[in-house]
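These notes concern the structure reproduced below.
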Amino acid sequence: MPPEDNTATVRDERYDAQRIESKWFERWQQDNSLYAAEPTSTKPKYYVLEMLPYPSGALHMGHVRNYAIGDALARYMWMNGYNVLHPMGWDSFGLPAENAAIAHNTPPREWTQRNIANMKAQMKRLGFAYDWSREVTTCLPDYYRWNQWFFLKLYERGLAYRKKSKVNWCPKCATVLANEQVAGGFCWRHEDTPVEQRDLEQWFLRITNYAEELLRDLDKLEGWPEKVRIMQRNWIGRSDGTLVDFDLGGTVGPAGSTITVFTTRVDTIYGASSIQLAPEHPLVADITANKPELRAKVEQLVAEQRKAREVGDIGEIEKHGVNTGRFAMNPYNREKLPIWVANYILMDYGTGAIMSVPAHDQRDYEFAKKYSLPIPVVIVPRASDPEETVAEPPLPFTTFDGTVVNSGSFNGLDCEDAIRKMSEHAEQKGFGKATVTYRLKDWGISRQRYWGTPIPMLYCEKDGIVPVPEKDLPILLPENVDITLTGGSPLGRVPEFVNTTCPKCGGPARRETDTMDTFVDSSWYFYRYADARNHQAPFDSNTIGYWFPIDQYIGGVEHAILHLIYSRFWTKFMRDMGLVRNDEPVARLFTQGMVIKDGAKMSKSLGNVVTPDEMVARYGADSARLYSLFAAPPDRDLEWQDSGIEGIQRFLGRVYRFIARHAPVETQLAASPSAASLPPEARQIQRKLHQTIKRVSDDFQGRWHFNTCIAAIMELVNELYGVEEKIAQGTIPAQLLAEVQRNLALLLAPFAPYLAHELWEMLGEEGSLLRAPWPKYNPALAKEEEIQIPVQINGKLRSRIVVPADADDGYVFDRAFADEKVKAAIAGKQVVKKIIVPGKLVNIVVR
RNA sequence: GCCGGGAUGGCGGAAUUGGCAGACGCGCUGGACUUAGGAUCCAGUGCCGCAAGGCGUGCAGGUUCGAGUCCUGUUCCCGGCACCA
């Protein structure tokens, strides 16, 4: 609090953000009901939600920006008479950054709860209008219970299954490493310890069952950025092709073994000159069984592949292969093809085996050149005259626009016909079929961590895998676990947790010690918000029917793939089990840009983190929020500049001081004064006000360029400062002045709520600012009476004329030609063309 | 390599459908008020030029009366994915 200075005039009153914000913070602590969504309402509903931008370890300006957008929208919708649901929840949010980085290991529960309390206090201090009664904390027992319940439902439907999968393993840490934690083949904490690949039994969710629907429904998501839809489409990666079995003639593997390849170009199969296997293909082990030399070469290929994958430039890998000396038979022409193992074939795409057609595939071509394999041509460009076929296309010739040759009974077909007929042929003969593959893989949810929802499964020696009965939920984490960062699953070292009895036979059983990926939490948390206190079910379907789909989801583009695919999957699964009626969780999605400092993403390691606490202490919450919206359009990255936020603080000060000086003694607001009755200065202010309301409102409906609508409010304030002398002279009617100030407070309400509430009170308004309706503009009052029109000669600006806004074209031309500068410019020349864009410009073309 | 986004003053950014390029803010310059100013208010500020005027939206072309905006080619930057068969 600044010292009271009774001698100071009103004129010198300071904008003291700390004082104003503390005052309202105290009041809002008493009354949260203001922001609570109504349980039943005849109003239209609006559900707005933010998703946490990374890193989520500690509150940073990226979060402030994220919430500033959502909060402004929530307040705007509220003031426009919507029943707004704007919840806030917490998951791994609250972990220190170091721990978050190692996949949510080890936070003691008290610590986490304390930290979440801390975060909540910070968010409140920033003035975000959440419905705190809807709070959901995903890492607490109540939420675990429903996660586990869902898992059982997934398991019942065959959508959860267990399989072996490869993981990165550091023998020194004795723990699983994320790809991020592997640096150059070594553990990030032990630079001398090479990372091993281990097979681990893990739980997976069969999201690939929904691949086709997830892909198809992207077309329905018109409120999503095209960018995100494209990313998801590529991620799901549908490709249509054919599976073909190549017979091994009993030379490899058990009798009757075949190699199945996947190809999108079965029409080129007569041009295959070899079979290429992924180094990790199961048959490779068989082939190299008693050939140490060959085995060593294959090991080399595996190593190369893994290294390239880590570095992230598998595309740049030098193509290597090794001939196994074995053969497989092309079922179409019974030709024997050599089997190779190659480092550019991936086991986790398609079948891990391809047919190599060098004449018609870029990679195969390079490979065949390198190892001097034959390059038979089977597709030629389509000839206009069937008599003259081009025998030698430029290689590799990879287009679909061609004709099949040298392919037995399929000769002469177009590629697309050939693909269809040859697939049918394979199916008839029983050695293949047309098929669709997806790049999308099933979702591995097992984590060998302490912190997370325990997977509710048991292992009984007699009954095998047994789900925990629903009545026994939730399975909670044991307390007082000795948590270290190493040594594998922490729960595995707690016998009281692990050892239990089988619900089927009553014999001894072992609990699953893996916990769930936190993406499970975030896949349905927004449903729980709508019905957070439900103890009978995860949520009530009718309540969900009212609130869903989410009207607006706001978050960083880093969630475009994983989170947003998982939650779409979860919604479809819940729909299929009859729990929800909507096919998609989110109607509109907005991806906001990152907050950047000194040209780099804010991060602790770079030491360029700007913390909200610091900003609030120095400039106030309103300034911090307003700046995060003003400095760039919200979908673009934002470069944080301290001098910029000072400018915003200055602006808020200007607003505050203006109203402190001119707050009306009494407010009796009739309609806006009629335009004709006002002197020009007053009319100008009135016009500007209505134009500003229009601009701000339009931006909320449309493209959300809050930077420009804040600029518009600044222009209005500048305009007001420009007429202060007139106000003193009484030229501006008190009624208009009152109208302007009242609307100024309302316009600021979504962006700078603390100040807006203070202004509202200073203006003598009764009742809450948020219960006041959003101002409407009057198009007639927003209209200009006179406009300035640029006059161009041959497209170059030569003069400007002022005409009435509704002047007809003939009048405007007359005025233009009467203009001295125009006269001078066209003197002695011939006018060949006259162009007018009504209300915009005049262009005279002369020669 | 593929997909997506971007490039505008000293800086962040405006210009919503092809129609006055640089709104608004920062910074800078000058002035007023002041014991003082790192408070506040006012004015100026794309570049070259004394001026008239000319030049200006990554680069090179094109379409048009008119292009930051549309088309063709090209360079660089950011994000994502990646030997996808």
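In what follows, every chain begins at residue 1, and chains take the letters A, B, ... in the order their sequences are listed. Everything quoted here is computed from the prediction, not taken from an experiment.
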| message | Less than 4.0 angstrom between a side-chain N/O of A:R229 and OP1 or OP2 of B:G4, yes or no? | response | no
| remark: Of B:A15, B:G19, B:G25, the nucleotide closest to the side chain of A:R703 is B:A15
| query | Which part of the nucleic acid, if any, lies within contact of A:G647, taking any heavy atom under 4.0 Å across all strands shown: a base, the sugar-phosphate backbone alone, or nothing? | reply | sugar-phosphate
| query | Would one find a side-chain N or O of A:K833 under 4.0 angstrom from OP1 or OP2 of B:C65? | reply | yes
| remark: Out of B:C24, B:C84, B:C20, minimum distance to the side chain of A:L346 belongs to B:C84
| message | Using whole Å, what does the distance between atom P of nucleotide B:C42 and atom OH of A:Y721 come to? | response | 8 Å
| Expressed as a whole number of Å, how far does the C1' atom of B:A23 sit from that of B:U40? | 24 Å
| task | Using the P atoms only, state how far B:A60 lies from B:C50, rounded to an integer number of Å. | result | 27 Å
| task | Could you measure between the two C1' atoms, the one in B:C20 and the one in B:U69, and give it in whole Å? | result | 15 Å
| Distance below 4.0 Å between A:R363 side-chain N/O and B:A82 OP1 or OP2 | no
| message | Does B:G19 have OP1 or OP2 under 4.0 Å away from a side-chain N or O of A:K796? | response | no
| said: With a 4.0 Å limit, can you tell me whether A:R695 has a side-chain N or O closer than that to the phosphate oxygens OP1/OP2 of B:A14? | reply: no
| query | If only atom types and distance count, is the side chain of A:R238 paired as donor or acceptor with the main-chain N or O of A:V436 below 3.5 Å? | reply | no
| query | According to the Watson-Crick and G-U wobble definitions, with both distances under 3.5 Å, which nucleotide is paired to B:G1? | reply | B:C81
| Of the nucleotides B:C42, B:A23, B:G13, which one has an atom closest to the side chain of A:A632? | B:G13
| task | Using both distances under 3.5 Å as the test, list the Watson-Crick or G-U wobble partner of B:C70, or none. | result | B:G62
| Which nucleotide, B:A23, B:A14, B:G19, lies nearest any side-chain atom of A:L841? | B:G19
| said: By nearest atom, which of the nucleotides B:C20, B:C81, B:A23 is closest to the A:R439 side chain? | reply: B:C81
| said: Under 3.5 Å for both donor-acceptor distances, Watson-Crick or wobble: does B:G56 have a partner, and if so which one? | reply: none
| message | Can you identify which nucleotide, out of B:C81, B:A85, B:G19, has its nearest atom closest to the A:I835 side chain? | response | B:G19
| message | For A:I710 and A:D637, find the nucleotide of RNA chain B closest to each by heavy atoms; which residue's nucleotide sits nearer the 5' end? | response | A:D637
| field | Toward the 5' end of RNA chain B, by each residue's nearest nucleotide, A:V557 or A:H705 | value | A:H705
| request: State whether a side-chain donor-acceptor pair under 3.5 Å links A:Q649 with A:Y627. | output: no
| query | Angle class for the A:W340/A:F367 ring planes (parallel below 30°, perpendicular above 60°, tilted otherwise)? | reply | perpendicular
| Rounded to the Å, how far apart are A:F706 CZ and B:A14 P? | 14 Å
| Salt bridge between A:D361 and A:R265, side-chain N to carboxylate O under 4.0 Å? | no
| query | Taking the same atom, C1', in B:C26 and in B:A14, what whole-Å distance lies between them? | reply | 15 Å
| query | Between A:I648 (CD1) and B:G25 (C1'), how many Å, whole number? | reply | 7 Å
| said: Does B:G25 have its OP1 or OP2 closer than 4.0 Å to a side-chain nitrogen or oxygen of A:N718? | reply: yes
| message | Please report the distance separating the C1' of B:G13 from the corresponding atom of B:G25, rounded so that it comes out in whole Å. | response | 8 Å
| message | In whole Å, I'd like the distance from the CG atom of A:L440 to the C1' atom of B:C81. | response | 14 Å
| message | Applying a 4.0 Å non-hydrogen cut-off, can you work out what A:Y627 is touching in the nucleic acid: base, sugar-phosphate, or nothing? | response | nothing
| request: Please report the C-alpha distance between A:S697 and A:F700 in whole Å, then the side-chain angles of each, then the deciding distance to 0.1 Å, and finally whether the side-chain contact (heavy atoms from CB on, under 4.5 Å) criterion is met. | output: CA-CA 5 Å; A:S697 308; A:F700 269 111; 5.9 Å; no
| message | Closer than 4.0 angstrom, basic N to acidic O: yes or no for A:D219 and A:R233? | response | yes
| task | Syn or anti for B:G9, please, going by whether the chi angle lies within 90° of 0. | result | syn
| field | Salt-bridge present (A:E226, A:R229; N to O < 4.0 Å) | value | yes
| request: For B:C59 and B:G53, measure between their P atoms and round to the nearest Å. | output: 26 Å
| At under 4.0 Å between heavy atoms, what does A:I561 touch on the DNA or RNA strands: base, sugar-phosphate, or nothing? | nothing
| query | Looking at A:R654, does any N or O in its side chain come under 4.0 Å of the phosphate oxygens OP1/OP2 on B:C41? | reply | yes
| field | Nearest to side-chain heavy atoms of A:R657, which nucleotide of B:U40, B:A85, B:G12 | value | B:U40
| field | Distance-only side-chain donor-acceptor flag, A:N718 / A:R654, under 3.5 Å | value | yes
| remark: When both distances are under 3.5 Å in a Watson-Crick or G-U wobble arrangement, the nucleotide paired with B:G10 is B:C26
| task | Take the protein atom CD of A:Q691 and the nucleotide atom P of B:A14, then report the distance between them rounded to whole Å. | result | 20 Å
| Pairing partner (Watson-Crick or G-U wobble, both distances under 3.5 angstrom) of B:U34 | none
| field | Whole-angstrom distance between B:C28 and B:U16, as gauged at atom P | value | 31 Å
| task | Ignoring the backbone of A:N707, work out which of B:G54, B:A85, B:G13 is nearest its side chain. | result | B:G13
| Phosphate OP1/OP2 of B:G19 contacted by A:N843 side-chain N/O (<4.0 Å) | no
| Just how far, in rounded Å, is P of B:C26 from CD of A:Q641? | 12 Å
| said: Between C1' on B:G4 and CH2 on A:W224, what's the gap in Å once rounded to a whole number? | reply: 16 Å
| task | Determine the Euclidean distance between corresponding C1' atoms of B:U72 and B:C77; express it in Å to zero decimal places. | result | 22 Å
| Which nucleotide, B:C84, B:C41, B:G19, lies nearest any side-chain atom of A:V837? | B:G19
| query | Which part of the nucleic acid, if any, lies within contact of A:R636, taking any heavy atom under 4.0 Å across all strands shown: a base, the sugar-phosphate backbone alone, or nothing? | reply | sugar-phosphate
| said: Is the positively charged end of A:R363 above the ring of A:Y344, judged by distance under 6.0 angstrom from the centroid and angle within 45° of the axis? | reply: no
| Taking CG from A:L626 and P from B:C26, how many angstroms apart are they, rounded to a whole number? | 12 Å
| Counting only side-chain N and O atoms of A:R650, is one of them less than 4.0 Å from OP1 or OP2 of B:G27? | yes
| query | Do the rings of A:H563 and A:H559 sit parallel, tilted or perpendicular, given the 30° and 60° boundaries? | reply | perpendicular
| said: If the cut-off is 4.0 Å, is A:R233 near the phosphate of B:C81, judged by side-chain N/O to OP1 or OP2? | reply: no
| request: For the side chain of A:V845, starting at C-beta, report the closest nucleotide among B:G4, B:C65, B:C81. | output: B:C65
| query | With a non-hydrogen cut-off below 4.0 angstrom, is A:Q792 in contact with a base, only sugar-phosphate, or nothing? | reply | base
| Base paired to B:C50 (Watson-Crick or G-U; both N/O distances under 3.5 angstrom) | none
